[in-house]
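In what follows, a single structure is set out as structure tokens and then discussed.
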Amino acid sequence: MIDIKLLRDRPEVVRASQRARGEDEGVVDAVLEAEQRRRRSLTAFEQLRAEQKSLGKEVAKAQGEEKQALLARTKELSQHVKDLQAEADAAQAELDSLLLSIGNVIIDGVPSGGEDDYVVLEEIGTPRDFAAEGFEPKDHLELGEALDAIDMGRGAKVAGARFYFLKGQGARLEMGLLSLAVRKAIEAGFTPVITPTLVNRRTMAGAGFIDAHLEEVYHLPADDLFLTGTSEVALAGLHTDEVIDLSSGPIRYAGQSTCYRREAGSYGKDTRGIIRVHQFNKIEMFVYCRPEDAEAEHDRLLQMEKDMLALIDVPYRIIDTAAGDLGGPAARKFDCEAWVPTQGRYRELTSTSNCTTFQARRLNTRFKRDTEGGPRNEVAATLNGTLATTRWLVAILENHQQADGSVVVPEGLREAVGLDVLTPVR
RNA sequence: GGAGGUGUCGCCUAGUCCGGUCUAUGGCGCCGCACUGCUAAUGCGGUUUGGGUUUAUCGCCCAUCGAGGGUUCAAAUCCCUCCACCUCCGCCA
């Protein structure tokens, strides 16, 4: 949820953000109007409520005929107060639903437009020239099957399409990758966390995954619980309704969890292999900090991702995602996309978002700031970023394959995986 | 799954049976001031959170006793639903 004070004081900033996202900017005026209505109805209610309370005290003291007269007055007043309260509640609800419909205000510099309007910030590494090496690269599934590392068929048998088994060298590769990511995070001062993967409605909504992503989310109606598509959700909810201590700097977590996504509306897309699946594992960084530190923290998260990608040694590029492709909570998002040889294009491996105060406002996570007028509670900023996922195996397998179908484990991963080369078993 | 108990403004706690004097008691902690070689002790004052009004303050007002409904002129207090925690029973990878 955006800050209504910002919208009130500088509506043009919110309008510009909405425009860049390709969203309705008229909602800004609707909010201003709803806010007026809310204040008017609230004032009316509060005045009458104050009168009701003071009359109530007289009733308590009065006797006999006087009491009866007061009761008559106050009964009438009671209904009036209820009506005004209902009006004020309705105005508040209307305001809230308008505010919830507005995405986070983008940060200056974020490119306008949609999915294809990203800006490439940096390209790192050079794709291998397989033609010059004299062989046709195999895709990750063909490699994975020959290594007996990936089994899609049995995944489908047990659970359905887009499910899979990782086994043997495949399981070792993933476990090594994830444990290396956690180790790097710990070295950088992050606290490792294993999170719940089922969360309640408030947490899911607060993290921003119910409005736009409802179709994407597995829901268990019997318990009204939601399977999370990333540990970001649980980590965002970790400090709900708390005042956290940021006096000695940002709080940095590295969450490990299995992630569940319905992938509704992606029928026919990436149906082969483990690029787009219903279940995968991920190490996710999550930071709470003061709003003024958020952009620096964002750069830090991106640097963590770059360091991690350097360890798996694949060519990749960094893009600054366009406003229309940010999703509601993010004010800016950088994706790192690795080169996938058999697709001849870059595919997302990491994504780091600066959500500023958007998530924390919904989840009521604040910190104490000392000001001249004394300590004040202020909404914290949150950021998240990927440090490793199952999908990374795709880039590792394809970029490090050899003509005989074996795969060289990148140097930086060898110790964690415990293998130098993955060898075909058939 | 069943039975019982608990939930009060940082922590502990009074109040709930029997609705109005609760503008929620007291202690601890914390903050400020005073006193004092320093510290401690002592004394005085302050100390939930959100919102409205005014916005330069002070102030005044409303909401908030786990959450949400209800009864009532009036709810921390009575009723209902839900949530969390504790004890016991049952079941169980």
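Every value quoted in this text rests on a predicted model; they were computed, and no experiment measured them. Throughout, a chain's letter reflects where its sequence line sits, starting with A, and its residues are numbered from 1.
What separates CG of A/D223 from P of B/rA84 is a distance of 11 Å, to the nearest Å. Protein atom NZ of A/K368 is 16 Å distant from nucleotide atom P of B/rC30, rounded to whole Å. Whole-Å rounding puts the A/L42 CG to B/rC60 P distance at 19 Å. Between the C1' atom of B/rC61 and the CG atom of A/L48 lies a distance of 13 Å, rounded to the nearest Å. Taking atom CD of A/Q52 as the reference point, atom P of B/rU72 lies 13 Å away to the nearest angstrom. Rounded to an integer number of Å, the gap from A/N377 CG to B/rG10 P is 12 Å. Across the protein-nucleic acid pair, A/N200 atom CG and B/rC82 atom P stand 17 Å apart, rounded to whole Å. The distance from atom CD of A/Q47 to atom P of B/rA63 is 13 Å, rounded to the nearest whole Å.
Summarising the base pairing, B/rA84 is matched to B/rU6 through a Watson-Crick or G-U wobble pair whose two defining distances lie under 3.5 Å. Of the nucleotides present, B/rC89 is the one that pairs with B/rG1 by Watson-Crick or G-U wobble criteria, both distances under 3.5 Å. In this structure B/rG59 sits in a base pair with B/rU53, meeting the Watson-Crick or G-U test at under 3.5 Å. Base pairing of B/rU64 is not made with any nucleotide, judged by Watson-Crick or G-U wobble geometry with both donor-acceptor distances under 3.5 Å. The base-pairing partner of B/rU77, taking Watson-Crick or G-U wobble contacts with both distances under 3.5 Å, does not exist among the strands shown. Checking B/rU72 for Watson-Crick or G-U wobble geometry (two distances, each under 3.5 Å) identifies no partner in any strand. Within the shown strands, B/rG46 is the pairing partner of B/rC30 under the Watson-Crick or G-U definition, both distances less than 3.5 Å. Across every strand in view, B/rA41 sits unpaired, with no contact that passes the Watson-Crick or G-U test at under 3.5 angstrom.
Side-chain nitrogen and oxygen atoms of A/S78 include none within less than 4.0 Å of the OP1 or OP2 phosphate oxygen of B/rU72. Contact annotation: A/R49 side-chain N/O to B/rC61 OP1/OP2 distance is not under 4.0 Å. A/K53 has a side-chain polar atom (N or O) that falls below the 4.0 Å cut-off from OP1 or OP2 of B/rA63.
Closest to the side chain of A/V59, from the set B/rU53, B/rC73, B/rG50, is B/rC73. Here the side chain of A/K75 is nearest to one of B/rG50, B/rC61, B/rC73, namely B/rC73. For A/K57, whose side chain is taken as the heavy atoms from C-beta onward, the closest listed nucleotide among B/rC73, B/rU23, B/rC62 is B/rU23. Distance from the side chain of A/R38 is smallest for B/rG51 among the nucleotides B/rU49, B/rG51, B/rU53.
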Does the pair A/R272 and A/D139 meet the rule for a salt bridge (charged side-chain N to carboxylate O under 4.0 Å, His left out), with working shown?
CA-CA 10 Å; A/R272 195 173 152 77; A/D139 79 5; 2.5 Å; yes
Trace of the salt bridge (charged side-chain N to carboxylate O under 4.0 Å, His left out) decision for A/E297 with A/R252:
CA-CA 10 Å; A/E297 282 300 306; A/R252 302 186 180 98; 2.8 Å; yes
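A salt bridge links A/E35 with A/R8: the closest approach of a Lys/Arg side-chain nitrogen to an acidic carboxylate oxygen falls below 4.0 angstrom. In this structure, A/E398 does not pair ionically with A/R347, as no charged nitrogen and carboxylate oxygen lie closer than 4.0 Å.
Separating the P atom of B/rG10 from that of B/rG90 is a span of 40 Å, rounded to the nearest Å. Taking atom C1' in both B/rC22 and B/rA76, one finds a spacing of 9 Å when rounded to whole Å. Using P as the reference atom, B/rA67 and B/rC83 are 15 Å apart when rounded to the nearest Å. Using atom C1' as the reference point in both B/rU54 and B/rC58, the two lie 10 Å apart (nearest Å). On the P atoms, B/rU16 is 9 Å away from B/rC78, given to the nearest whole Å. Straight-line distance between the P atoms of B/rA41 and B/rU55: roughly 45 Å, to the nearest whole Å. Remark: the separation of the P atoms in B/rG19 and B/rU72 is 16 Å, to the nearest Å. A gap of 14 Å separates the C1' atoms of B/rU47 and B/rG27, to the nearest Å.
Side-chain contact of A/T390 with A/N281: a donor-acceptor pair under 3.5 Å is absent, judged by distance alone.
Annotation: of the two residues near RNA chain B, A/K5 and A/A50, the 5′-most nearest-nucleotide partner is A/K5. Residues A/G56 and A/R39 both approach RNA chain B. Their nearest nucleotides, taken by heavy-atom distance, put A/G56 toward the 5′ side.
Between A/F190 and A/V182 the shortest side-chain heavy-atom distance does not fall below 4.5 Å.
Relative orientation of the A/Y260 and A/Y218 rings is perpendicular, given thresholds of 30° and 60° on the angle between their planes.
Rounded to the nearest 0.5 Å, atoms CD (A/E87) and CZ (A/R38) are 14.0 Å apart.
Residue contacts for A/R366: at a heavy-atom cut-off of 4.0 Å it reaches the sugar-phosphate backbone alone, with no base atom in range.
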